[in-house]
There are 2 protein chains.
Amino acid sequence: MEKDPTYFGVKEIARRANVSIATVDRVIHNRTGVSEKTKKRINEIIKELDYQPNILASRLASKNIIILAVLIPRVSEETDFWSAPLHGVQRAETEIKPYGIQTITFFFDLNDENSFETQANLILEKGVNGVLLSPSFIAQSIRFTEECRRLKIPFVFIDSNIPQQHSLAYIGPHLFKSGYLGAKLLTYRKGEEGKILVVNISKEIENYNYLQIEEGFRSYLKENHLNFEIIRADINETDYLSVARNLTQVFTKNEDIEAIFVTNSRVFSVATFLENKHKKEIALVGYDFLKENIQHLNTGTIDFLICHKPEEQAYRAMMVLYHTLVRGQQVEKTQYMPIDIITRENQEFYQILPI
Amino acid sequence: MEKDPTYFGVKEIARRANVSIATVDRVIHNRTGVSEKTKKRINEIIKELDYQPNILASRLASKNIIILAVLIPRVSEETDFWSAPLHGVQRAETEIKPYGIQTITFFFDLNDENSFETQANLILEKGVNGVLLSPSFIAQSIRFTEECRRLKIPFVFIDSNIPQQHSLAYIGPHLFKSGYLGAKLLTYRKGEEGKILVVNISKEIENYNYLQIEEGFRSYLKENHLNFEIIRADINETDYLSVARNLTQVFTKNEDIEAIFVTNSRVFSVATFLENKHKKEIALVGYDFLKENIQHLNTGTIDFLICHKPEEQAYRAMMVLYHTLVRGQQVEKTQYMPIDIITRENQEFYQILPI
DNA sequence: ATTAAAATCGGGTACGTACCCGCAATATAC
DNA sequence: GTATATTGCGGGTACGTACCCGATTTTAAT
């Protein structure tokens, strides 16, 4: 079989420009040592031939290896949400490893701001070429990314964003629209009467996310003139007992709650509560494809789960770094993930497919 | 920066086995000319070092180029559904082109069985190494794929499947479950009364798909003891006038239709009809992320669209061929796509993201 | 034992790019 | 003018694997 005859490489460029391959290489990589005249001549030929470097050969010959750092929460017993992004990181890792790219993953504790800081400092010491991070702690993330900017290390946010921080990209959900959709799903077959309960279960972190989601949620109701009374429950402890105690209080005060929206993945706690109290007829919508949540989806306690492709977020973030650092390509700065709707009927197909 | 010191290549294997690189190469590629003894020795070292060939170097050195054929319907004025798979093919194409893989795309006319046969024959004449096809015409597809099997050309089905045909893989929806979900969405907030209309608009092709979807649809209603009367409308012409004429008849006979399920992407015709007749309060669910359908989703005539990631189907199918032919890897034989639910609220994020 | 054939193997080049080393030409200093 | 930087450029090797071309050894045939 023959090679593609329409492909021209540096050799052909050098031949046409009457220079050596080395000179062409210098022009391509913007290195010094070429006169303006020949540089111009070579650039014209490059443009004329629409030269596309052969990445295989390029990466094979290059000895410049690239190190990427990943900074995400550790997978905890409380929730295995972060196992999905970790999987995405690993998928990208195996894919780009032959290109001379190494990955080091740093985990922090979602209940401990200091662990974030510690790990972030380790990254800075290490001297990496690019960073993928989940900015779970706003202040610490800002400090860290400012330092990255100073050191000219590109970084990508996943899961939630800090705008104005000059990240290379944000890859994650549009939280406002996600809450907006949540309201639609929750009220889609609801009657005119009855209250709505919005539950936020978290240890005071990720508040910013929560606010955007609730804003979108309320916005939907307002735009559609749905004047349900909205009760709020802020639960700062994530263990089941605290959740149950809190909800019991809410229910004694409000008997006619017809629908519950949980703003994050801890919806399974609420589902367990409803099952224990035999209140399964209440509509329940929450977030994320976790084992526990799927169970309650299958028993019918949870009506809908909303999900933002956590695996793909991380995978794409890695590829964004790869394309920037290795290929020098421009990337989309804001990449909103699809807002997926998971029900009992389609949940079995919402997994990571192997090739 | 230094190279990964944990990586060992053929050179190291050759050194340890006291043979030349060429001999190691012969063992790796199962070529003849190596005594059993040295072959065994080399294989042991390969296993011991967990040797992973460097694909970059491998594909760079290899002159064996691989040709993939794609056989899908032409994008027509009637519907641009197939532009999504085409896009997926092209995305995969640019990604694997540097690996020495060429793609030739053949289009057939969904209204003309013969065009399928003609294009299929062109592929066989051409002598390609792998085929991606949509088996829109069952009989012709069987004939073609049998011939592929005889010639030992692997092939992958997308969009719909022909089981028992020994394809390398099927990548597409689980149609039964898709119809099942359709019934859930259609009846989710429906009252106890009123009839359901199931509409199939197509020129008698793809019947097999339709049947599976309808089966799933009815199955949901049955399992949930929803005893609505179901009307059926089979419309064999795809132009709007034919659809409108047909639906008018159905509506004169049945005044109390409360919900309509369209089994394919032509749901926009039904939506137009409902808008013209001022019957927008009827629930409407159908298939596929087409411009026309999204318009009606946004006006509220269509309530839900179901979608099976057509772009990714084609992309994955290409990668399956790549992994099989280039990497010699085993692949998953049946890859069901997620069954995505598109509403007015999340539709804007359901597009193909650029890196 | 001699010769032919077959089996087994090594040397070496190529793939397209990166990049080191060093030579020539030109510019600058005195 | 000569001596010294500086600039511009080419030769050549390396990356890890594929594969051609032959050389050597072993086996089979006579």
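Protein chains get the first letters and strands the later ones, always in sequence-line order, with residue 1 at the start of each. Worth saying up front: this structure is predicted, and the values here are computed from it rather than measured. Side chains included, hydrogens not; waters and symmetry mates left out as well; all remaining heavy atoms used.
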Starting at [atom1] of [X] and ending at [atom2] of [N], how long is that distance when rounded to a whole Å?
| X | N | atom1 | atom2 | value |
| --- | --- | --- | --- | --- |
| B/Lys40 | C/dT8 | NZ | P | 16 Å |
| B/Ile13 | C/dC9 | CD1 | P | 16 Å |
| B/Asn64 | C/dC15 | CG | P | 16 Å |
| B/Arg41 | C/dC9 | CZ | P | 8 Å |
| A/Ile28 | C/dG16 | CD1 | C1' | 11 Å |
| A/Asn30 | C/dA18 | CG | P | 12 Å |
| A/Tyr51 | C/dG16 | OH | C1' | 8 Å |
| B/Gln52 | D/dT17 | CD | C1' | 15 Å |

Does the cation-pi check pass for A/Arg16 over A/Phe8, that is, NZ or CZ under 6.0 Å from the six-membered ring centre and within 45° of its axis? yes
Which of the following nucleotides, [options], is nearest to the side chain of [X]?
| X | options | answer |
| --- | --- | --- |
| A/Ser20 | C/dA18, D/dT17, D/dG10 | D/dG10 |
| B/Val34 | D/dG16, C/dC9, C/dA18 | C/dC9 |
| B/Arg31 | C/dG11, C/dC19, D/dA18 | D/dA18 |
| B/Ser62 | D/dG10, D/dA18, C/dG16 | D/dA18 |
| A/Val19 | D/dT17, D/dG16, D/dG10 | D/dG10 |
| B/Ala22 | C/dC9, D/dC20, C/dT17 | D/dC20 |
| B/Thr23 | C/dC15, C/dC9, D/dC9 | C/dC9 |
| A/Ser35 | D/dT17, D/dC9, C/dG16 | D/dC9 |
| A/Asn54 | D/dT17, C/dG16, D/dC19 | C/dG16 |
| A/Tyr7 | D/dT17, C/dT17, C/dA18 | C/dT17 |

Mapping A/Ile21 and A/Lys39 onto DNA chain D by nearest heavy atom, which one lands closer to the 5' end? A/Lys39
Atom NZ of A/Lys11: over 12 foreign heavy atoms under 6.0 Å: no
Any B/His29 side-chain N or O less than 4.0 Å from OP1/OP2 of D/dA18: yes
Going by the angle between their ring planes, with limits at 30° and 60°, are B/Tyr336 and A/Phe349 parallel, tilted or perpendicular? perpendicular
Quiz question: going by heavy-atom distance under 3.5 Å, is there a donor-acceptor pair between the base of D/dG10 and the side chain of A/Arg26? yes
Verify the distance criterion only: is there a donor paired with an acceptor across the side chains of B/Thr38 and B/Ser35 at less than 3.5 Å? yes
Side chains of B/Tyr51 and B/Glu12: is there a donor and an acceptor less than 3.5 Å apart? no
Base, sugar-phosphate, or nothing for A/Gly9, non-hydrogen atoms under 4.0 angstrom? sugar-phosphate
Within the 4.0 Å heavy-atom criterion, would you say B/Thr38 contacts the bases, only the backbone, or no part of the nucleic acid? sugar-phosphate
Hey, which sits more toward the 5' end of DNA chain C by its nearest nucleotide, A/Lys11 or A/Ser58? A/Lys11
Pair A/Phe106-A/Phe108, ring-ring contact (aromatic ring centres under 6.0 Å, His included): steps then yes or no: CA-CA 7 Å; A/Phe106 299 82; A/Phe108 61 88; over 10 Å; no
